[in-house]
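Accompanying notes for the structure given below.
Since we're looking at a predicted model, the values are computed, not measured. So you know, we letter chains A, B, ... as the sequences are listed, proteins then strands, and number each from 1.
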4 protein chains.
Amino acid sequence: MTAQRSATPDPARRREASRRAILTAAFDLLQEVGYAKLSIEGIAARAGVGKQTIYRWWPSKGTVIFDAFLMLSEGAAGEPPTLPDTGDLAADLRAVLRATVVEMNDPRYDQPMRALATEIAHDPELAAAYVERLDGPLKEAKRERLRSAQRVGQLAEDLDLDVAVEMIWGPVLNRWLQRTGPLTAEYTDRVVTTALDGLRPRPSGR
Amino acid sequence: MTAQRSATPDPARRREASRRAILTAAFDLLQEVGYAKLSIEGIAARAGVGKQTIYRWWPSKGTVIFDAFLMLSEGAAGEPPTLPDTGDLAADLRAVLRATVVEMNDPRYDQPMRALATEIAHDPELAAAYVERLDGPLKEAKRERLRSAQRVGQLAEDLDLDVAVEMIWGPVLNRWLQRTGPLTAEYTDRVVTTALDGLRPRPSGR
Amino acid sequence: MTAQRSATPDPARRREASRRAILTAAFDLLQEVGYAKLSIEGIAARAGVGKQTIYRWWPSKGTVIFDAFLMLSEGAAGEPPTLPDTGDLAADLRAVLRATVVEMNDPRYDQPMRALATEIAHDPELAAAYVERLDGPLKEAKRERLRSAQRVGQLAEDLDLDVAVEMIWGPVLNRWLQRTGPLTAEYTDRVVTTALDGLRPRPSGR
Amino acid sequence: MTAQRSATPDPARRREASRRAILTAAFDLLQEVGYAKLSIEGIAARAGVGKQTIYRWWPSKGTVIFDAFLMLSEGAAGEPPTLPDTGDLAADLRAVLRATVVEMNDPRYDQPMRALATEIAHDPELAAAYVERLDGPLKEAKRERLRSAQRVGQLAEDLDLDVAVEMIWGPVLNRWLQRTGPLTAEYTDRVVTTALDGLRPRPSGR
DNA sequence: ACGTAACCGAGACGGTACGTCGGGTCTTGAC
DNA sequence: GTCAAGACCCGACGTACCGTCTCGGTTACGT
């Protein structure tokens with residue numbers, strides 16, 4: 001349930017209220033003061049908690065942020081996530097990507113997500129936890145949607161689903177994280193179309 | 001030539017030797033101690049320079065790193081970069097991406113590039129400078145290679161080149177920055193193939 | 001026991017070892033490098049203490065110096081000081097003043113005492129603490145010696161003891177602090193004689 | 001005319017206007033911001049002068065302050081100072097001391113004089129210059145007044161004039177610099193009386 | 001039911017780095 | 001060659017946090 005890596009004290013005696021207060025405080029501060037000014041000291045103060053309680057249970061600031069996201073994502077739903085499946089893959093992908101960029105353009109989520117993304121970029125162990133617990137389930141849902149499309153002949157049979165997923169979401173993630181271009185619905189639609197069709201000329205129509 | 005943003009002192013009186021020493025020290029330290037332990041104090045000490053000289057000319061640690069990259073990229077060549085063009089687009093892309101992941105797997109470049117990438121992620125103004133001065137020329141070279149392929153009928157005539165470029169390099173960049181998967185030649189080859197062909201089934205053989 | 005003036009943290013949690021190390025380091029450095037080169041940073045380093053520990057408990061460099069003197073003066077004796085009383089006031093005063101100028105001519109004490117004196121000169125609050133805790137007891141001892149002489153008829157009955165004390169020690173202190181003349185035993189003897197006799201001609205002998 | 005100690009550039013080419021501007025700025029700043037916040041940089045800025053111009057002609061901040069005083073004292077009068085001589089020594093001393101404490105209680109003079117006094121306390125060379133050029137003439141005037149009183153039998157014939165002067169002004173100076181007591185006219189009157197009469201009982205009436 | 005051992009809040013501590021101020025030196029261009 | 005201007009190297013300032021370390025107090029087991 002957490003990102004802890006090494007030996008920690010008896011989890012049975014852990015105070016759940018403090019844990020939640022810390023994660024909530026961390027996420028809230030991330031929104032309010034931004035990543036650069038986020039400090040353990042600040043989190044402890046906001047959570048009404050001693051600093052040691054944070055150091056006792058988390059090895060780094062990044063893991064606290066990670067767990068904060070974990071708490072949120074699991075609080076939202078106990079079940080694994082799924083992508084909409086109306087039978088029309090292109091339409092479904094367009095809808096999902098549009099929703100994604102709306103979130104990315106919302107400063108309420110933008111700041112914390114950037115914080116998590118850059119912590120991951122600098123911490124391999126955290127990245128592993130991210131891949132397993134946060135990104136993994138979501139990516140599986142994406143693959144599953146593509147698999148479903150494969151079954152009805154909308155995607156090539158021999159398609160590499162991992163690469164396919166990265167080809168759809170990668171450009172969007174990159175634009176967001178590196179700010180290399182505007183994130184609009186028009187843009188994500190183009191990404192979907194181009195990914196589905198490929199770069200090469202198509203022999204027949206469509 | 002630099003990432004400065006607001007009013008700065010008279011650049012005519014600036015000492016060029018100090019500027020170069022600072023940027024070199026910054027890049028070297030980035031490789032040696034890593035981003036997390038990179039400090040203005042450390043850069044100044046290594047460069048044999050007063051801290052004030054750094055604060056006088058750069059508004060943030062990120063802009064120093066950025067300028068360090070700028071100095072390197074401009075020191076390497078005065079002309080804009082170009083991608084190889086053998087006439088075989090797929091082969092050329094495979095070669096370029098393979099070279100890219102080799103660099104990404106080299107800790108000598110990995111650390112500093114991550115530092116730049118995450119600084120950009122947190123600083124919109126720096127991102128704008130990055131897009132204009134570092135990423136821009138490179139991206140133009142990529143577009144140009146695709147344009148060349150378009151001319152010889154290897155790519156669709158109505159292809160959106162920006163999206164196309166992002167679809168090829170985006171997945172690789174993401175895997176690298178977020179560590180969501182291994183960066184191998186085999187992987188980049190698959191990316192090239194999948195991007196060129198698209199996700200949908202192709203009517204006839206390839 | 002200290003020169004603190006405004007609200008400070010819980011003194012119960014204060015580490016006595018650090019307090020002593022700081023005051024000792026301050027006094028030692030005062031002797032070694034002199035007042036002009038005395039820095040909080042230097043004191044902290046010498047004491048093996050974080051700077052914040054000094055800033056936490058003392059509002060200024062002057063109060064640190066003051067407390068260093070306080071520690072020394074209280075370490076020397078728990079009881080209030082007394083002046084020698086052989087029954088011969090003139091002789092006693094001569095002896096005391098001679099001892100005083102010996103100390104003033106000893107660089108071991110000269111430097112730190114000058115530091116304290118000039119800090120006091122620029123800081124009224126510190127001066128008040130000085131008057132109450134360091135100078136006060138000593139001055140009372142001086143007054144007491146004069147009172148004793150008064151009782152045996154060696155001093156005028158209506159003598160203003162405060163002024164009398166200042167008239168004996170003031171000239172010496174001034175010569176020392178302002179370096180307006182040499183500090184010799186011969187000089188202090190003259191001061192004692194002149195003060196006792198006054199400036200006016202004496203009607204009868206002596 | 002100045003407190004310079006070591007070799008300096010050709011004084012013939014010196015710009016008098018800058019010299020005066022610096023000394024005036026120094027004195028004014030001393031009054032306005034106080035000794036602790038007085039900086040060479042501040043003086044240069046206020047005087048509209050380059051820092052180098054100060055460093056070229058004065059070896060230390062103290063000597064600047066000293067010269068500022070020198071300029072003022074010589075601007076006031078070209079002739080050596082004299083003390084009033086009405087024939088009544090006690091009355092004259094009372095008047096002079098009263099005027100002195102009025103000045104000492106005036107913050108307009110208090111701050112700069114403290115600055116000078118403490119600079120002198122820490123700089124023997126400066127002290128020598130002070131004794132020779134500022135304190136010397138004044139002390140001679142004081143001695144002269146006492147000599148005059150001696151001539152008319154108001155003071156002992158064998159009186160040590162140096163000690164006598166210090167016994168009258170020393171207590172006042174000390175009270176001022178160390179803030180060991182209030183500086184009132186009543187106090188200075190007592191000092192005069194006690195100094196003239198001495199501490200010992202007088203055989204007959206006064 | 002009652003120690004006693006752990007967690008907990010609080011926060012002092014030794015440190016590192018921050019961003020700023022000013023010291024004293026050096027360079028530039030105007031006079 | 002002096003001067004105004006100001007960049008430069010350097011050292012110290014006072015502050016913010018780091019991660020570690022006590023210090024009571026309050027749980028919550030294990031006997």
Measure CH2/A:W58 against C1'/F:dG19 and give the value in whole Å, please. 16 Å
Does E:dC13 have OP1 or OP2 under 4.0 Å away from a side-chain N or O of C:W57? yes
Expressed in angstrom and rounded to an integer, what is the separation of D:E41 atom CD from F:dA4 atom C1'? 14 Å
Closest nucleotide of DNA chain E for D:Q52 versus for A:G48: which of these residues is on the 5' side? A:G48
How does protein contact run along nucleotides 25-31 of chain F, one letter per nucleotide 5' to 3', with B for base contact, S for sugar-phosphate only, - for none, heavy atoms under 4.0 Å? --BB---
If I take atom NZ in residue A:K61 and atom P in nucleotide F:dC17, what distance separates them, rounded to the nearest angstrom? 10 Å
Measure CD1/C:I22 against P/E:dG15 and give the value in whole Å, please. 12 Å
Does a donor on one side chain and an acceptor on the other come within less than 3.5 Å for D:Y35 and D:E119? yes
Do any N or O atoms from the side chain of C:T118 and from the backbone of C:A121 form a donor-acceptor pair under 3.5 angstrom? no
If I take atom CD in residue A:E16 and atom P in nucleotide E:dC8, what distance separates them, rounded to the nearest angstrom? 11 Å
Tell me the interatomic distance from C:I43, atom CD1, to F:dC13, atom C1', rounded to whole angstroms. 13 Å
B:I40 CD1 - E:dT16 C1' separation (whole Å): 14 Å
Taking only side-chain nitrogens and oxygens of D:T53, does any of them come within less than 4.0 Å of OP1 or OP2 of F:dA4? yes
Geometric cation-pi criterion C:R13 and C:W57, 6.0 Å radius, 45° cone: no
Between E:dC8 (C1') and A:R19 (CZ): distance, integer Å: 16 Å
Determine whether any donor atom in the side chain of A:K51 lies under 3.5 Å from an acceptor atom in the base of E:dG11, or the reverse, and answer yes or no. no
Do the two ring centres, one from D:F27 and one from D:F69, sit under 6.0 Å apart? yes
Heavy-atom nearest nucleotide on DNA chain E taken for B:L38 and for A:V49; more 5' hit belongs to A:V49
Quick one: is E:dC7 close enough that its OP1 or OP2 comes under 4.0 Å of any side-chain N or O from A:S18? no
